[in-house]
There are 2 protein chains.
Amino acid sequence: MTYSVAVVDDHILLSQAIGGLVEGFEQFTVLYTCKNGQELLDKFKNPKNIPDIVLMDVNMPILNGIETTAHLYEHYPQVKVLALSIEEDDSTILQMLRAGAKGYLMKDVRKSELYNALLEVIEKGFHHTNTVTKVLVDSLSEKESPQAILKERELEFIKHACTEMTYKEIADVMFLSPKTIEGYRNAIFEKLNLRNRTGLVIYAIKNKIFVP
Amino acid sequence: MTYSVAVVDDHILLSQAIGGLVEGFEQFTVLYTCKNGQELLDKFKNPKNIPDIVLMDVNMPILNGIETTAHLYEHYPQVKVLALSIEEDDSTILQMLRAGAKGYLMKDVRKSELYNALLEVIEKGFHHTNTVTKVLVDSLSEKESPQAILKERELEFIKHACTEMTYKEIADVMFLSPKTIEGYRNAIFEKLNLRNRTGLVIYAIKNKIFVP
DNA sequence: TAGTCAATCAGGGATTTTCCCCTTAAGCAT
DNA sequence: ATGCTTAAGGGGAAAATCCCTGATTGACTA
């Protein structure tokens, strides 16, 4: 019995190279490779193109790994998604797992670990490295994910705060009084334990609220 | 005649996968793969380990692609470095080329393009994609690369400015008067055309002066 | 159905930090 | 000497920060 694998990565060379590795594994065969989530979903329209496992990158244009995984989890629950990314920050990993990924591999694993992961996902239904397990454990004790405590309007303000605009200018573009903006800022500083706007900018970038 | 290739990438899976691709090319064979520049230089101590071409990632821990390439260019000029990276910002590409890389491939190229690039580097001594050529042309007309106009102490200040410290606190840790810090800040604002500290933080992150 | 409660928006006033001029002094090189 | 760089400062305006108060609204609740 051989299992089919689809590789999704916007870096064509990498998807081809990884596909090559997978072809080298006896029980696995590469069905096709795609450049992004949208392309993958398009392929799925033909039932012949539904693989057993999807090896999915996280950062992709158009439809990223998290959104794509969530969509697959809902509409094709039999397809097992194994994330494969250079991103190793906790929130990304958690987001992928929440979206329904059966495992998360950093791109610095060895070929043999990829093989094990594929096998385990088929046999046990999941594969979690030590790093991932740690993230999962941490997520239990830790406070709710940072983004969750911020409201929509606050997030909008934060994005503006990551520009050269003064608070007064931000107030203008958000159609609010500068004093209300101050209110947002104070609430955010309090919640996130920040001292000043610089801290807010760094926080926003670290947590991908604002992408420079 | 076959040519030997060394693959340097901190993501083991990728270096193995890319190595697999290269092994598939008739005229080329993989001598070994390394996790970073330091490891590569250690290998070079044995003359048997000096390849014809090095496929080099840019972002690596310990000794990065730019430093490593510069070192090879000085000490082993016969070795041809072909950069292979996901980074596609102009300054990174320029830095690699200045360090002596014979070409710069984005990781989203096709397998066949990698093959062409390897062949061309052997035959013509270089391989430049359209993107890279454009960067080179732009670099002629454009002002000197942003980093170049900033002095060592200014860069140090910028890194501190990307924290929650006030300018007074930065002055303390840099053993300078707050007024001197102001002088730095004004000079930088002038040079980089910035309005305020937030702009500076964003600039620093975009240009990798400060990594969040 | 009025009353409490929480969330949102806004303001007054004080203090600190940032920003922007413009000047000076020491060290160093041509 | 004359310029150049680096470090430092004075003074003032603008922005950001901090603390405290009030008005409006919608929602639940006794």
Side-chain angles (χ1 to χ4, degrees), chain A residues 143-212, chain B residues 143-212:
Chain A
K143 64 277 167 197
E144 196 46 38
S145 86
Q147 248 91 328
I149 58 172
L150 293 171
K151 307 181 186 117
E152 204 44 53
R153 204 78 177 150
E154 288 175 339
L155 288 171
E156 194 186 331
F157 159 71
I158 292 178
K159 281 171 198 146
H160 288 308
C162 293
T163 71
E164 288 193 326
M165 279 192 282
T166 65
Y167 287 138
K168 187 172 170 326
E169 289 166 340
I170 296 174
D172 285 346
V173 303
M174 285 182 72
F175 300 107
L176 289 171
S177 147
K179 279 295 183 179
T180 306
I181 293 295
E182 260 194 67
Y184 283 155
R185 187 196 34 129
N186 289 337
I188 294 167
F189 280 14
E190 172 72 23
K191 282 195 251 191
L192 304 179
N193 211 271
L194 300 171
R195 280 178 68 192
N196 51 40
R197 186 162 165 181
T198 305
L200 177 59
V201 172
I202 301 295
Y203 175 90
I205 291 171
K206 272 191 186 161
N207 291 276
K208 300 177 208 295
I209 294 170
F210 175 80
V211 181
Chain B
K143 65 275 166 199
E144 196 45 41
S145 87
Q147 247 90 330
I149 59 173
L150 293 172
K151 303 180 190 118
E152 204 44 53
R153 214 82 221 275
E154 287 175 339
L155 288 171
E156 195 186 330
F157 157 72
I158 291 178
K159 281 171 198 146
H160 289 307
C162 294
T163 70
E164 289 195 323
M165 281 191 281
T166 65
Y167 288 139
K168 190 176 167 320
E169 288 166 340
I170 295 173
D172 285 346
V173 303
M174 286 181 72
F175 300 108
L176 290 171
S177 148
K179 278 296 183 178
T180 307
I181 292 297
E182 263 194 61
Y184 283 160
R185 191 210 35 188
N186 289 336
I188 294 167
F189 280 14
E190 172 72 22
K191 282 193 255 192
L192 303 179
N193 210 272
L194 300 170
R195 279 178 68 190
N196 51 41
R197 186 162 166 180
T198 305
L200 178 58
V201 173
I202 301 295
Y203 175 90
I205 291 172
K206 272 191 186 162
N207 291 277
K208 299 177 209 295
I209 295 169
F210 174 79
V211 181

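Note that this is a predicted model, so its numbers are computed, not measured. Residue numbers begin at 1 in each chain, while the letters A, B, ... track the order of the sequences.
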For the pair made of [atom1] in [X] and [atom2] in [N], what is the distance, rounded to whole Å?
X: Asp172(B); N: dA8(D); atom1: CG; atom2: P; result: 12 Å
X: Ile188(A); N: dC18(D); atom1: CD1; atom2: P; result: 13 Å
X: Phe175(B); N: dA8(D); atom1: CZ; atom2: C1'; result: 17 Å

Please enumerate all residues that pass side chain to side chain contact (heavy atoms under 4.5 Å, CB included) together with [X], with sequence neighbours excluded.
X: Arg153(A); result: Glu156(A), Met174(A), Leu176(A), Tyr184(A)
X: Lys206(B); result: Pro212(A), Ile202(B)
X: Ala171(B); result: Pro178(B), Ile181(B)

Original post:
Counting only N and O atoms by type, is there a donor-acceptor contact under 3.5 Å from the side chain of Asn186(B) to the main-chain atoms of Phe189(B)?
Top reply: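 Checking the backbone N and O of Phe189(B) against the side chain of Asn186(B), no donor-acceptor pair under 3.5 Å is found.
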
Original post:
Quick one: are Phe210(A) and Ile158(A) in side-chain contact, heavy atoms under 4.5 Å?
Top reply: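 No. Closest side-chain heavy atoms not under 4.5 Å.
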
Original post:
Does the side chain of Leu150(B) come within less than 4.5 Å of Phe157(B)'s, by heavy atoms?
Top reply: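 No, too far: nothing below the 4.5 Å cut-off.
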
Original post:
Taking only residues two or more places apart in sequence or in another chain, which ones pass side-chain hydrogen bond (donor to acceptor under 3.5 Å, both in side chains) with Thr198(B)?
Top reply: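 Per chain and number, Thr198(B) pairs via side-chain hydrogen bond (donor to acceptor under 3.5 Å, both in side chains) with Arg197(A).
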
Subject >> Residues which pass salt bridge (charged side-chain N to carboxylate O under 4.0 Å, His left out) with Lys191(A), listed by chain and number, not counting sequence neighbours >> reply: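 So Lys191(A) forms a salt bridge (charged side-chain N to carboxylate O under 4.0 Å, His left out) with Glu154(A).
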
Subject >> Residues which pass salt bridge (charged side-chain N to carboxylate O under 4.0 Å, His left out) with Arg185(A), listed by chain and number, not counting sequence neighbours >> reply: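 So Arg185(A) forms a salt bridge (charged side-chain N to carboxylate O under 4.0 Å, His left out) with Glu182(A).
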
Subject >> Degree of bending in the helix from dT1(C)-dA30(D) to dT30(C)-dA1(D) once both end axes are built from five pairs, to 10° >> reply: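 About 20° separates the two local helix axes.
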
Please write out each protein N/O paired with an N/O of nucleotides 3-7 of chain D under 3.5 Å, distance rounded to 0.1 Å.
unit_1	atom_1	unit_2	atom_2	d
dT6(D)	OP2	Lys151(B)	NZ	3.0
dA7(D)	OP2	Tyr184(B)	OH	2.2

**OP:** Take nucleotides 17-30 of chain C nucleotide by nucleotide from the 5' end and write B, S or -, depending on whether a protein heavy atom sits under 4.0 Å from the base, only from the sugar-phosphate, or from neither.
**Re:** -SBB----------

Original post:
Tell me the side-chain hydrogen bond (donor to acceptor under 3.5 Å, both in side chains) pairs involving residues 164-175 of chain A, sequence neighbours left out?
Top reply: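 Applying side-chain hydrogen bond (donor to acceptor under 3.5 Å, both in side chains) to every pair that reaches into residues 164-175 of chain A, excluding sequence neighbours, yields Glu169(A)-Arg195(B).
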
